[in-house]
Number of protein chains: 2
Amino acid sequence: MVTIYDIAKRANCSAMTVSKVINNTGRISEATRKRVLAIMEEMNYIPNSMARSLVLNETKILSLLITDITNPFYTSLARGAEDAALRHGYKLLLANSDENADKEKAYIETIMATRVDGVLYSPTGDESAALIERLTQLDIPVVLVDREVPGVECDMVLGDSRAGARAMVEHLIECGHRRIALVNGPLHVSTSRRRLEGYKEALEAHGIPLDPSLILEADYQHALTSTIAARLLELEERPTAVFAANNFLALGTIRTFQQQGLRVPEDISVSCFDELEAGFVVDPFMTVMAQPAYEFGTIAVDLLVERIRNRDAARRTVMLKPVLHSRRSVKRLR
Amino acid sequence: MVTIYDIAKRANCSAMTVSKVINNTGRISEATRKRVLAIMEEMNYIPNSMARSLVLNETKILSLLITDITNPFYTSLARGAEDAALRHGYKLLLANSDENADKEKAYIETIMATRVDGVLYSPTGDESAALIERLTQLDIPVVLVDREVPGVECDMVLGDSRAGARAMVEHLIECGHRRIALVNGPLHVSTSRRRLEGYKEALEAHGIPLDPSLILEADYQHALTSTIAARLLELEERPTAVFAANNFLALGTIRTFQQQGLRVPEDISVSCFDELEAGFVVDPFMTVMAQPAYEFGTIAVDLLVERIRNRDAARRTVMLKPVLHSRRSVKRLR
DNA sequence: TATGTTAGGGTTATCGGTAACTCTAGCGAA
DNA sequence: TTCGCTAGAGTTACCGATAACCCTAACATA
């Protein structure tokens, strides 16, 4: 591989001169500059960013750690983050923890070893606190995305899960539903807790008593949802509507219902947090509380870059409002 | 940031000893090993992978450059690649060219500067040949994924676009369609060319004359599809079925038809290459020629890792068979 | 007793680049 | 003529880690 020393030799100058040409620093005569540039071109020189980072103590790399790369919410977020990072002159290193704490830990280790300049972090749960702590100890700026972690202080970009959930459940109530189930994510994830809060608030505001048998907890990925959702069908008094805490939970729920011979929304209504199909599907079916995923990414990167520039600035939290899209999966009763 | 020198000082030994403990090389007494390990833990030591890579001339990073991170085909592929890379002890650096040659070039530059050990590369088109050439010149192993490039020799993992397209069009013919349109991707992408071939083969095999007005060319992303698909509706004799060369083209086509008041499949049938909805959608609608995207990723990484280990091995091409999923978007005539 | 071997470690150079400083010729001002 | 300045370079040390080699005490062997 060609180095600046090879260039220097051929150009009859020192490596420092080549470095100065590359970085446009110092005083270099026009003639020398052109000669060096020509030789760099000719020899197909590619700078070694590791050597550079080693001495500059800066990589110009940001890391984005998400929990599910197959979820459109996170891919949109990633695209937003990528676009923003490029705008700021950073590269984006994407990592996917798959909602798995071990994978997450391994990735954090890699991220630290890579000496990235900052991390966009969607933690798998409250136990991620220790990992965030380590990043902070190493003085690596962190912006939490989508999920917060109790006891951890840092910049965050969050959706308003509580208000969103409440609005969705109130929508169901307005559609005439009173027996409304919640298929929630695991409670060690902040979004699940907030969505549960919103659910409870809505019921209470409308004088509907809380029935614990209508509240289920699954994981945020595909696997277990069906067996869990099936419990709703075994209840003496079935719910008329289900609110799922994310898109994949809704999908699993609907599949379960269909396997049991129920039609959605004729027999039972289903709605969820996060967009599910739009953009992917011919005729969007699901009533959702959509989040501006792309903006999650861009805003988080903006915060992160500012934080890198100024580590002492006040901590900020940006709260993004979700939007209700009323579609066909919810039936209006009577 | 803590270095091995800091550890060494505290442990009363040389940096080399610390390095040996970390890498399990050389001879170190059990007592010293434990002492060093304890101090590393205590001081929160994180190795600097750049310094390491610099001297070892190896990064243990693979790069995956795809053209559209919002397309489920590529996210599945990415997950496969990630899993396989982790299995082999590599990290995966994900980059998204967005079907944009400039972005692609910039990413290739970054990839080279990062000195990754290998590249999984889905090129934006035939013009990518020059970029691949540069990678090869720098002796960076490349595996092409999904798309080949004329004149470029390297390992490849491809889908059988020709056979898949032919089988799909023959399926349409069996369903009674004879006037079948092709909404194709740009012809500077190899998959478009192969799908066009398959389309022609199928027609010819069944004695159906080729009508050039039924062959359209759009880009593989969302933007222009609608205006292009609209042309089909202006024809004197409309097609009864459309075969779209990828999932997003199909989506744009269907949207266009619906905006014009046509129903799919009652008024016109639509099918496409690549899975569109499965996994994302309640009730998959589209008849598709699905590709094993996840396997594209794992196999490509396997090839790449083998290539890294043995640069002189014979070049290999793996061809993956697509599978027809017949669903509701295609109507059986008569 | 002399020599060889080995465990357990240390020295030094190097990877590719950059910061901070130094050097020198040529020119202008005093 | 002498001093000082400046344009246009070059020197040196260092970033953090590792390879390759070197060193020494202790013990075994001839």
Side-chain angles (χ1 to χ4, degrees), chain A residues 1-37 39-40 43-61 109-117 138-140, chain B residues 1-37 39-40 43-61 109-117 138-140:
Chain A
M1 196 76 75
V2 180
T3 72
I4 57 170
Y5 294 93
D6 302 323
I7 308 283
K9 200 170 295 174
R10 188 96 132 231
N12 251 317
C13 67
S14 73
M16 198 59 233
T17 301
V18 177
S19 175
K20 283 173 183 162
V21 169
I22 293 172
N23 296 293
N24 250 312
T25 53
R27 303 179 185 289
I28 303 290
S29 72
E30 223 9 62
T32 308
R33 168 185 309 284
K34 280 192 177 151
R35 184 161 38 93
V36 169
L37 249 21
I39 291 173
M40 280 171 49
M43 297 185 73
N44 216 335
Y45 171 75
I46 305 286
N48 185 323
S49 61
M50 289 175 311
R52 194 159 197 279
S53 299
L54 195 55
V55 50
L56 292 182
N57 204 23
E58 167 185 86
T59 55
K60 286 292 177 186
I61 296 179
E109 215 71 32
T110 299
I111 283 167
M112 293 189 298
T114 309
R115 300 292 196 270
V116 299
D117 294 343
L138 294 183
D139 207 37
I140 300 178
Chain B
M1 196 76 73
V2 181
T3 72
I4 56 170
Y5 295 93
D6 302 325
I7 309 283
K9 200 170 295 173
R10 190 96 131 230
N12 251 316
C13 65
S14 73
M16 200 59 234
T17 301
V18 177
S19 175
K20 283 173 183 163
V21 168
I22 293 172
N23 296 291
N24 250 310
T25 54
R27 304 179 185 288
I28 303 290
S29 72
E30 224 8 66
T32 308
R33 167 184 312 283
K34 280 195 176 148
R35 185 161 36 95
V36 168
L37 249 23
I39 291 174
M40 281 172 48
M43 296 184 75
N44 217 333
Y45 170 74
I46 305 285
N48 185 323
S49 61
M50 290 175 310
R52 197 158 194 280
S53 300
L54 195 56
V55 51
L56 292 183
N57 203 24
E58 166 186 87
T59 54
K60 285 291 174 188
I61 295 179
E109 215 72 34
T110 299
I111 283 168
M112 294 189 298
T114 309
R115 300 292 195 270
V116 299
D117 293 343
L138 294 182
D139 207 36
I140 301 178

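Here is how names work: the chains are called A, B, and so on, in the same order as the sequence lines, proteins then strands, and each is numbered from 1. These values consider heavy atoms only, across backbone and side chains, with no hydrogens, waters or symmetry-generated copies.
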Colleague: Rounded off to whole Å, could you give me the CG-to-C1' distance for the B:Leu54 and C:dT14 pair?
Modeller: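 It is 9 Å, rounded to the nearest whole Å.
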Colleague: Under 4.5 Å between any side-chain heavy atoms of A:Met40 and A:Met43, yes or no?
Modeller: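 With C-beta onward as the side chain, the pair stays apart.
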Colleague: Report yes if a side-chain nitrogen or oxygen of B:Tyr45 is closer than 4.0 Å to either non-bridging phosphate oxygen (OP1 or OP2) of D:dA17; otherwise report no.
Modeller: yes
Colleague: Should A:Ser29 be listed as having a side-chain N or O under 4.0 Å from OP1 or OP2 of D:dA9?
Modeller: yes
Colleague: Heavy-atom distance under 4.5 Å between the side chains of B:Asn23 and B:Arg52, does that happen here?
Modeller: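 SC-SC contact between B:Asn23 and B:Arg52 confirmed.
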Colleague: Just the rounded figure in Å: distance from P of C:dT18 to CE of A:Met50.
Modeller: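 Those two atoms, CE and P, are 13 Å apart.
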Colleague: Ignoring backbone atoms, test whether A:Asn23 places a side-chain nitrogen or oxygen under 4.0 Å from the OP1 or OP2 oxygen of C:dT18.
Modeller: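 Indeed, a polar side-chain atom of A:Asn23 lies that close.
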Colleague: Measuring from the side chain of B:Ala51 (C-beta onward, heavy atoms only), which nucleotide among D:dA17, C:dC15, C:dT18 has the closest atom?
Modeller: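 The nucleotide sitting nearest to the side chain is D:dA17.
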Colleague: Are OP1 or OP2 of C:dA7 and a side-chain N or O of B:Arg27 less than 4.0 angstrom apart?
Modeller: yes
Colleague: Of B:Asn12 and A:Met16, whose nearest nucleotide on DNA chain C comes first from the 5' end?
Modeller: B:Asn12
Colleague: Hey, is the main chain of A:Thr110 close enough, under 3.5 Å, to the side chain of A:Thr114 for a donor-acceptor pair?
Modeller: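 It does hold such a pair.
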Colleague: Quickly, which of B:Thr17, B:Val21, B:Ile22 forms a side-chain contact (heavy atoms from CB on, under 4.5 Å) with B:Ile4? Name it, please.
Modeller: B:Ile22
Colleague: Rounding to an integer number of Å, can you tell me how far A:Glu58 CD sits from C:dG17 P?
Modeller: 17 Å
Colleague: Which residue lies toward the 5' end of DNA chain D, A:Val55 or A:Thr32, if each is placed at its nearest nucleotide?
Modeller: A:Thr32
Colleague: Under 4.0 Å between a side-chain N or O of B:Thr3 and OP1 or OP2 of D:dG16?
Modeller: no
Colleague: Please check: side-chain N/O of A:Arg10 versus main-chain N/O of A:Val36, any donor-acceptor pairing under 3.5 Å?
Modeller: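 Flag not set: sc A:Arg10 to bb A:Val36 has no pair under 3.5 Å.
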Colleague: Looking at A:Thr17, I'd like to know whether one of its side-chain N or O atoms comes within less than 4.0 Å of OP1 or OP2 on D:dG10.
Modeller: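 Yes, within the criterion.
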Colleague: Give the rounded distance in Å between these two atoms: CD1 of B:Ile7 and P of D:dG16.
Modeller: 13 Å
Colleague: Check whether the side chain of A:Tyr5 and the base of C:dG17 form a donor-acceptor pair under 3.5 Å.
Modeller: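 For A:Tyr5, whose side chain was compared with the base of C:dG17, there is a donor-acceptor pair (under 3.5 Å).
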Colleague: Quick one: is D:dA17 close enough that its OP1 or OP2 comes under 4.0 Å of any side-chain N or O from B:Ser19?
Modeller: no
Colleague: Does a side-chain N or O from A:Arg52 land closer than 4.0 Å to OP1 or OP2 of C:dT18, or not?
Modeller: yes
Colleague: Whole Å only: how far is the CG atom of B:Asn57 from the P atom of D:dA17?
Modeller: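 It is 18 Å, rounded to the nearest whole Å.
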Colleague: Would you mind classifying the nucleic acid contact of A:Ile4 as base, sugar-phosphate or nothing, using non-hydrogen atoms under 4.0 angstrom?
Modeller: base
Colleague: Taking the side chain of A:Lys20 as its heavy atoms from C-beta onward, which of C:dT18, D:dG10, C:dG9 lies nearest to it?
Modeller: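 The listed nucleotide nearest to A:Lys20's side chain is D:dG10.
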Colleague: Are B:Leu54 and A:Asn48 close enough that some pair of their side-chain heavy atoms sits under 4.5 Å apart?
Modeller: yes
Colleague: Rounded to the nearest angstrom, tell me the gap between atom CZ in A:Arg115 and atom P in C:dG17.
Modeller: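 Distance check: A:Arg115 CZ to C:dG17 P gives 20 Å.
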Colleague: What is the separation between atom CG on B:Asn48 and atom P on D:dA17, rounded to the nearest whole Å?
Modeller: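 Taking CG of B:Asn48 and P of D:dA17, I get 5 Å after rounding.
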Colleague: Could you give the CG-to-P distance, from A:Leu56 to D:dA13, as a whole number of Å?
Modeller: 20 Å
